[in-house]
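Quick notes on the structure that follows.
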There are 2 protein chains.
Amino acid sequence: MQYSNHTRFQTDNTTMLKTSGKSRTAGQPPVQQSPVYLGIRSAILGHSITPGTKLPEDELGDIYSVSRTVVRAALQALALDHIVSLEPNRGAFVAKPTRLEAREVFEARSLLEPKVAAMAAEIAKPADIALLERHMEEEHAAVAAGKDGEAVHLSGQFHVAIAEIANHSIYTDFVRRLCSRSSLIVALYWRRRDTICEHHAHHELVKAIAQHKPKDAAELMVSHIVDLFSGLDLSEREPVGKKLSDILKV
Amino acid sequence: MQYSNHTRFQTDNTTMLKTSGKSRTAGQPPVQQSPVYLGIRSAILGHSITPGTKLPEDELGDIYSVSRTVVRAALQALALDHIVSLEPNRGAFVAKPTRLEAREVFEARSLLEPKVAAMAAEIAKPADIALLERHMEEEHAAVAAGKDGEAVHLSGQFHVAIAEIANHSIYTDFVRRLCSRSSLIVALYWRRRDTICEHHAHHELVKAIAQHKPKDAAELMVSHIVDLFSGLDLSEREPVGKKLSDILKV
DNA sequence: TAATCAGATATTGTATACAAAACTTACGTG
DNA sequence: CACGTAAGTTTTGTATACAATATCTGATTA
């Protein structure tokens, strides 16, 4: 919209800023580094946007001053992360994980993350421990400031940080995906308020990792995840009743 | 960048409520059903295109008679699957997994798939067993016809089918991703020719699943994956890619 | 000969245009 | 009133246009 008529001769610092600094390593597809992707993602995972909210392309394009082309790319990437849901001809919505998905996410986490924690405990260096402690402080600060959603997001990043220490790109990718979805799940189904217990669990975990006790780390991770899961309220039926037409159809 | 200034996202409860119950069951984003995505994907996984090959947007658009817009969407999705690699301002290339990635993929598989096989063994119905046997036949036929790459792809689908029987959408997604990458890894690093052994392993696996022996299924799966891994040559030289070939068909 | 560089060509990145589908609203009909 | 129904509006899906970047070609020079 406001991006009209770029002439060939005038120096276009906007474009320069966008394209400069891209790493050659290309660990991730470019779209995952775009401000649109990152902005929407962190707003969702930090609980600034409620699950189910529509994400209109025009509006997002205006906010980030880009065209729908790049917004669509970001939304597609977020959809493949299961953070947003793309419905054909209807648009993008913040994803609403079902209770079944919630169970699956935590089951997968309870398989993957103990393994990852054990791997991290085996090879963690002092700098890694310091990083984890910094993560915990951030999270603690968010809790203290009453920024509940932000704290959930940061808690996820703590788990991802452990995976990064384990130095296994695939596990890290999986854990990142699962933690993202966990943020949404917490937004929908959390019932307890005792984040203190979580902080304590993280602390114990870091201690086990720092002392190179893989077994302990794995066990602490399992119980931590089980504990998280038990803080969810997955009792009743699907989040909201389906329309009659959906039930009766075919 | 902050959403807090844009109240529409948070105040528009009407939209949220209306759209909240709208579960369209669409398990996958539309891109993953597009002929472009599927065509390129199966060409790569069936070893019709060599790792490293460039995938020009124009050319693909001509082949599938669509514009670059939809080609780009497909390529982006494939990049997030690690099947193609997107290099900024240079384009898309068939991914070339490194040896490290190969090790990581098979390590992840040896964690996930035994679990999945055990789950499948617990709940498999006769129809599921029949499906697995059909998969094996297809694979066997491909081997007999000398279609080696196709056989690798089908072998991956067999593993995905087990995950589908286990009825866990996240594990299925993970296994699908890992098997895709395994196809590429085999294309680059395979050294043995004894696919018979693989057929035998699959047969044993199906038997254990059919007889509802989770423990056996898990153990058979582990050794099968270890066996696959040992068929790779991950010793020294970097993988090589060939030049462009237009084996892609509509 | 090998290396370098300028211009020409080709390809990607992004914006915009337009068609198709969904949503809204207002209106009639039972 | 409830319920469909048909304009008009909005939003998405795809194609195309153009700018930015990369790649190729060929001439020039050490």
Side-chain angles (χ1 to χ4, degrees), chain A residues 1-24 26 29-37 52-79 84-93 243-246, chain B residues 8-9 12 14-22 24 26 29-37 52-79 84-93 243-244 246:
Chain A
M1 280 189 177
Q2 50 273 67
Y3 259 64
S4 50
N5 290 347
H6 292 174
T7 68
R8 188 184 301 263
F9 303 110
Q10 85 191 99
T11 52
D12 191 340
N13 40 6
T14 305
T15 304
M16 291 302 287
L17 279 175
K18 272 189 222 159
T19 54
S20 64
K22 295 298 185 218
S23 66
R24 167 86 359 98
V31 68
Q32 297 189 337
Q33 295 169 322
S34 101
V36 187
Y37 173 88
T53 307
K54 180 145 207 274
L55 300 169
E57 298 176 356
D58 279 333
E59 197 168 335
L60 295 168
D62 287 347
I63 291 171
Y64 293 102
S65 302
V66 294
S67 76
R68 285 178 48 219
T69 307
V70 8
V71 171
R72 279 179 76 83
L75 289 174
Q76 188 191 321
L78 291 164
V84 317
S85 143
L86 285 185
E87 300 184 19
N89 288 317
R90 297 200 57 240
F93 302 81
K243 284 200 245 174
L244 201 60
S245 57
D246 283 336
Chain B
R8 174 158 169 194
F9 279 121
D12 198 354
T14 308
T15 304
M16 192 199 81
L17 286 174
K18 273 189 211 165
T19 55
S20 55
K22 187 68 179 159
R24 179 148 301 204
V31 191
Q32 298 189 340
Q33 295 169 321
S34 104
V36 188
Y37 173 88
T53 307
K54 176 135 208 272
L55 299 170
E57 298 176 356
D58 279 331
E59 198 168 333
L60 294 168
D62 287 347
I63 291 172
Y64 294 103
S65 301
V66 292
S67 75
R68 284 178 50 220
T69 307
V70 11
V71 171
R72 278 178 77 84
L75 290 175
Q76 187 191 323
L78 290 164
V84 317
S85 142
L86 286 185
E87 299 183 20
N89 289 317
R90 296 200 57 240
F93 303 81
K243 61 176 181 178
L244 175 86
D246 24 349

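We name chains A, B, ... by the order of the sequence lines, and we start the count at 1 in each one.
Among Ile63(A), Val70(A), Asp62(A), the one residue that satisfies the side chain to side chain contact (heavy atoms under 4.5 Å, CB included) test with Val66(A) is Val70(A).
Listed by first and then second residue, the salt bridge (charged side-chain N to carboxylate O under 4.0 Å, His left out) pairs that reach into residues 67-77 of chain B are Glu57(B)-Arg68(B), Glu57(B)-Arg72(B), sequence neighbours excluded.
Between Leu78(A) and Leu55(A), the closest side-chain pair of non-hydrogen atoms is not below 4.5 Å. Looking at heavy atoms from C-beta onward, Val31(A) lies out of side-chain contact with Leu86(B) at the 4.5 angstrom threshold.
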Listing time: all N or O pairs from protein to nucleotides 12-15 of chain D that are below 3.5 Å?
unit_1: dT12(D); atom_1: OP1; unit_2: Lys54(A); atom_2: NZ; d: 2.9
unit_1: dT12(D); atom_1: OP2; unit_2: Glu57(A); atom_2: N; d: 3.4
unit_1: dG13(D); atom_1: OP1; unit_2: Asn89(A); atom_2: N; d: 3.0
unit_1: dG13(D); atom_1: OP2; unit_2: Arg72(A); atom_2: NH1; d: 2.6
unit_1: dG13(D); atom_1: OP2; unit_2: Arg72(A); atom_2: NH2; d: 3.1
unit_1: dG13(D); atom_1: N7; unit_2: Arg68(A); atom_2: NH2; d: 2.8
unit_1: dG13(D); atom_1: O6; unit_2: Arg68(A); atom_2: NH1; d: 3.0
unit_1: dA15(D); atom_1: OP2; unit_2: Ser67(B); atom_2: N; d: 2.7
unit_1: dA15(D); atom_1: OP2; unit_2: Ser67(B); atom_2: OG; d: 2.6
unit_1: dA15(D); atom_1: N7; unit_2: Thr69(B); atom_2: OG1; d: 2.6

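Scanning both residues, Gly52(A) and Phe93(A), for their nearest heavy atoms gives O-CD2, 3.6 Å.
The distance from the CG atom of Leu60(B) to the OG atom of Ser65(B) is 12.0 Å, given to the nearest 0.5 Å.
If you measure from atom CG of Leu86(B) to atom P of dG13(C), you get 8 Å, rounded to the nearest angstrom.
Overall bending of the helix from dT1(C)-dA30(D) to dG30(C)-dC1(D), expressed as the angle between end axes built from five pairs apiece, is 20° (10° steps).
Using modelled atom types, no side-chain atom of Gln76(B) and backbone atom of Gln76(A) make a donor-acceptor pair closer than 3.5 Å.
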